[in-house]
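Report on one structure; see the data block that follows.
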Amino acid sequence: MAKKRKNESSENVIRLPGGKTISLEGYLTKKPRDASTAPENSSFQKKPVSDSKKDASQAPDVIAQDQKNKALPIWEYQDVIRSALRKSDVLVLVGETGSGKSTQIPQFLYQEDWCRRRKVKVMKRNGGKAGQPDGEEEVDVGGVIAITQPRRVAATTLAHRVSAEVGTPLKGQQYNDGKGKGGGPVQKGLVGYSVRFDHRVPKGTRIKYVTEGMLLQEMLRDPHLREYSAVLVDEIHERSVDVDLLSGFLKQMVLSDKAGRGGVPLKVVVMSATVNVEKIKTYFSSAADGTVSSDGSIPPVELLEIEGRQFPVDIIHTPQWVPDIQEALLKTIFKIHTEQPLQDKHGKQDILAFLIGQEEIESAQRLIEEHAATLDKTVPKVKVLPLFGQLSMEAQHEAFQPVKAPFTRKIVLATNVAETSVTSKVKHFRPRLGMASLLAKPISKSSAIQRAGRAGREGPGKCFRLYTEEGYDGLEQTELPEILRTDVLGAVLTMKATGIDDVIDFPLMDRLQLEPVEKAYTYLNMLKALDDEFHITEAGRKMLLFPVTAPYARVLLVAAEPAYNCLLEVIDIIACITSGEDIFQQLRSEEAQEAAEAYRKELWRREGDLLTYLTTMQRYTAENADRIAWCKARHINVRNIKQALNIRRQLRALCVRHKLLKEAPPQDPQPFVPASPEKAEAILKCFLRGFMLKTALLHPDLSYLTSAGNQVVAIHPSSVLHGQKKEAIMFLEHVYTMKSYAKKMANTIGW
DNA sequence: GAGCACTGC
């Protein structure tokens with residue numbers, strides 16, 4: 001670990017006149033925090049405290065924190081923010097990462113008068129029964145501020161930080177290992193969080209960090225969000241499907257008569273990076289039909305811009321187009337490595353490079369390490385750390401740690417994990433074909449800017465773009481929002497459930513397009529989630545109770561029917577499939593393949609991948625000794641199968657609660673009993689009820705043609721059925737990468 | 001014979 005001065009800068013500390021220091025660490029930097037919020041066992045706590053830091057770090061927490069907050073750019077805006085929200089229900093706030101908006105604004109607001117919980121009278125709903133007079137009832141409205149985040153780690157990390165700042169720290173481990181709810185008795189506190197698999201909401205919580213999906217879920221239960229006085233929508237510029245839907249519903253609430261909240265307004269603060277602010281502001285400033293008024297009929301929307309904390313970054317483009325990216329990458333990395341000092345006054349000068357995918361990263365790593373070995377002894381050594389989603393948590397975490405070896409420069413090779421080279425792979429749903437394509441696509445300008453910004457978080461930095469300035473100019477300004485490029489099946493069903501009949505005309509920031517919606521209607525109708533008039537059915541509402549896509553939800557409902565009676569098995573399969581990329585790791589070397597195969601064979605089922613997943617989950621949960629070793633031998637991704645276990649636990653609990661299961665299933669470990677052929681058939685028939693469009697028949701020329709559209713599909717090499725020629729197959733995933741592939745499949749011959 | 005990233009009572 002480096003010494004004093006460097007510690008300061010590597011923790012994003014700046015110096016105030018008078019010798020005080022303050023931390024400006026970005027909330028998403030995956031490094032140990034400063035002493036006041038670091039985990040107990042952090043080595044950072046034991047480090048020598050520099051003179052200038054001593055007085056602050058040894059003073060009580062509150063004071064130290066107070067000094068920090070004052071220096072955050074956001075602090076001087078607190079009165080402006082408070083008064084803006086006293087006169088307006090909607091505030092659009094622009095501020096880059098590091099401005100402190102996500103941690104400070106809730107603290108500015110929770111003691112405002114409008115943020116008190118109050119008792120109000122509302123019209124009672126009679127469970128939809130017609131003909132009964134509606135009475136009044138008294139309910140509580142408000143009191144809590146919700147802050148939404150796109151990702152779970154952001155929500156939980158922010159909650160821990162803010163709870164420490166207000167003096168009611170959340171106890172226990174920071175990162176839940178999936179064991180469910182935060183243990184121990186209910187504590188008291190001002191700050192809590194709620195994300196999937198992990199809820200910590202102390203008694204007296206006023207500030208609650210949640211994922212977007214979680215709030216959407218809460219909204220389906222309580223359309224008026226009566227628990228809340230305000231919703232702060234953070235990172236709205238990322239434009240996830242969930243945040244787009246949430247924005248639509250929030251806007252609708254702001255414009256409504258608020259009868260469901262007894263007239264108490266819901267304050268909405270929308271927080272965004274600089275990209276697309278105008279669009280977002282215009283959206284919230286306009287009426288439901290999109291018109292903007294000047295006569296005051298539409299409540300005013302305040303706009304506030306807050307400068308971020310960003311060191312300057314030099315951006316260097318290549319003078320001409322680069323024919324060979326691999327070569328240019330190596331040359332640039334070694335030019336930096338041999339010419340730039342290993343560290344400057346701001347800290348270590350490490351290198352972060354963005355590449356398209358795992359394959360590029362692995363080959364670049366090999367080449368860099370080979371070349372580095374040939375360098376003179378006077379040149380620092382290099383430590384190359386790959387960073388992509390399929391790596392284990394530990395390996396990903398390592399990429400964020402300072403390298404321990406002396407005289408060594410860290411080089412991180414990342415995909416979009418660390419933010420979105422000139423291209424990235426983007427999933428794009430093609431409604432006409434009913435399949436997703438995963439193709440390399442140029443990044444947007446805003447991605448390029450965000451990447452460059454990564455070099456200026458702790459000190460001035462440099463960004464070498466391996467493309468020309470003209471190339472940059474030719475990039476799109478922003479990426480297409482997710483809702484315009486993914487399957488809208490879930491979004492349509494959610495909208496139907498909230499009573500939106502005319503999905504096409506519902507004013508989202510980007511409205512849904514006709515063709516994808518029509519496809520979704522047809523499919524949802526086949527899944528019996530919508531009736532023939534495209535109104536939501538009881539089954540459709542039930543499907544929304546499960547955190548899986550509509551086709552899987554359909555499979556769950558069918559599996560619970562007495563005629564099939566295979567719900568537990570279906571849960572196991574769905575848990576494995578939806579837990580991540582794939583629980584089976586791809587085997588690159590022949591040796592690994594042979595070694596794993598001997599073990600994996602006992603998991604394989606000739607019926608296909610679905611039964612193979614079932615066997616895997618059953619054997620895994622029957623394993624009583626060393627589950628990690630069990631996974632390692634079979635090259636099963638430990639992280640993903642643990643996630644699968646979480647999903648399984650959650651789905652089982654939901655099935656008990658919603659009466660799909662009569663009683664809680666027996667605890668693990670249970671002895672392994674292979675599914676009988678009859679059981680296997682029942683399981684596959686259930687899946688067919690959710691995936692009736694995803695079948696294909698073998699043709700005389702030995703290619704598969706889909707039954708729905710006569711498209712050619714090939715069995716993906718990851719399937720246990722790869723290389724076999726079955727007469728008929730069903731597949732759960734259809735993607736276009738190198739070609740049109742069917743994944744996660746089953747042989748459907750014979751019934 | 002293949003591989004972008006998140007997320008949900």
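Letters A, B, ... are given to chains in the order of the sequence lines, protein chains preceding strands, and every chain is numbered from 1. Side chains included, hydrogens not; waters and symmetry mates left out as well; all remaining heavy atoms used.
Between Glu235(A) atom CD and dT7(B) atom P the separation is 13 Å, expressed in whole Å. Distance Arg648(A) CZ to dC9(B) P: 20 Å, rounded to the nearest Å. Protein atom CZ of Phe546(A) is 13 Å distant from nucleotide atom P of dC9(B), rounded to whole Å. Spacing between atom CG of Leu387(A) and atom P of dC4(B) amounts to 14 Å, rounded to whole angstrom units. Regarding Asp244(A), its CG atom lies at a distance of 17 Å from the C1' atom of dG8(B), rounded to whole Å. Nucleotide dG8(B) holds its P atom 14 Å from the CG atom of Leu220(A), rounded to whole Å. Taking atom CZ of residue Phe584(A) and atom P of nucleotide dG1(B), one finds them 21 Å apart after rounding to whole Å. Remark: C1' of dC6(B) and CG of Asp234(A) are 16 Å apart, rounded to the nearest angstrom.
Side-chain polar atoms of Ser719(A) and Asp609(A) form a donor-acceptor pair below 3.5 angstrom. Gln724(A) and Arg606(A) share no donor-acceptor pair across their side chains, judged by distance under 3.5 Å alone. A side-chain donor-acceptor contact under 3.5 Å links Tyr613(A) and Asp582(A). Residues Gln711(A) and Ser740(A) have side chains that never bring a donor and an acceptor to within less than 3.5 angstrom of each other.
Looking at heavy-atom distances under 4.0 Å, Thr211(A) makes contact with sugar-phosphate atoms alone, never a base. Using a 4.0 Å heavy-atom criterion, one finds that Leu216(A) contacts no nucleic acid atom at all. Residue Gln650(A) is in sugar-phosphate contact alone, with no base atom involved, counting any heavy-atom pair closer than 4.0 Å across all strands shown. Nucleic acid contact for Val548(A): base, since at least one base atom lies under 4.0 Å from a heavy atom of the residue.
Across dT7(B), dG3(B), dG8(B), the shortest atom-to-atom separation from the side chain of Pro547(A) is found for dG8(B). Side-chain proximity of Tyr741(A) to dG3(B), dC9(B), dC6(B): nearest is dG3(B). Nearest nucleotide to the Arg221(A) side chain, out of dG1(B), dG8(B), dC9(B): dC9(B).
Nearest-nucleotide assignment on DNA chain B puts the 5′-proximal partner with His722(A), out of His722(A) and Leu654(A).
Applying the 4.0 Å criterion to OP1 and OP2 of dG3(B), one finds that Thr737(A) has a side-chain N or O inside that range. Within the structure, a side-chain polar atom (N or O) of Arg152(A) is placed less than 4.0 Å from OP1 or OP2 of dG8(B). For the OP1/OP2 pair of dG3(B) and a distance below 4.0 Å, the side-chain nitrogens and oxygens of His716(A) include at least one atom meeting the criterion.
For Arg600(A), the side-chain hydrogen bond (donor to acceptor under 3.5 Å, both in side chains) criterion is met by no residue, not counting sequence neighbours.
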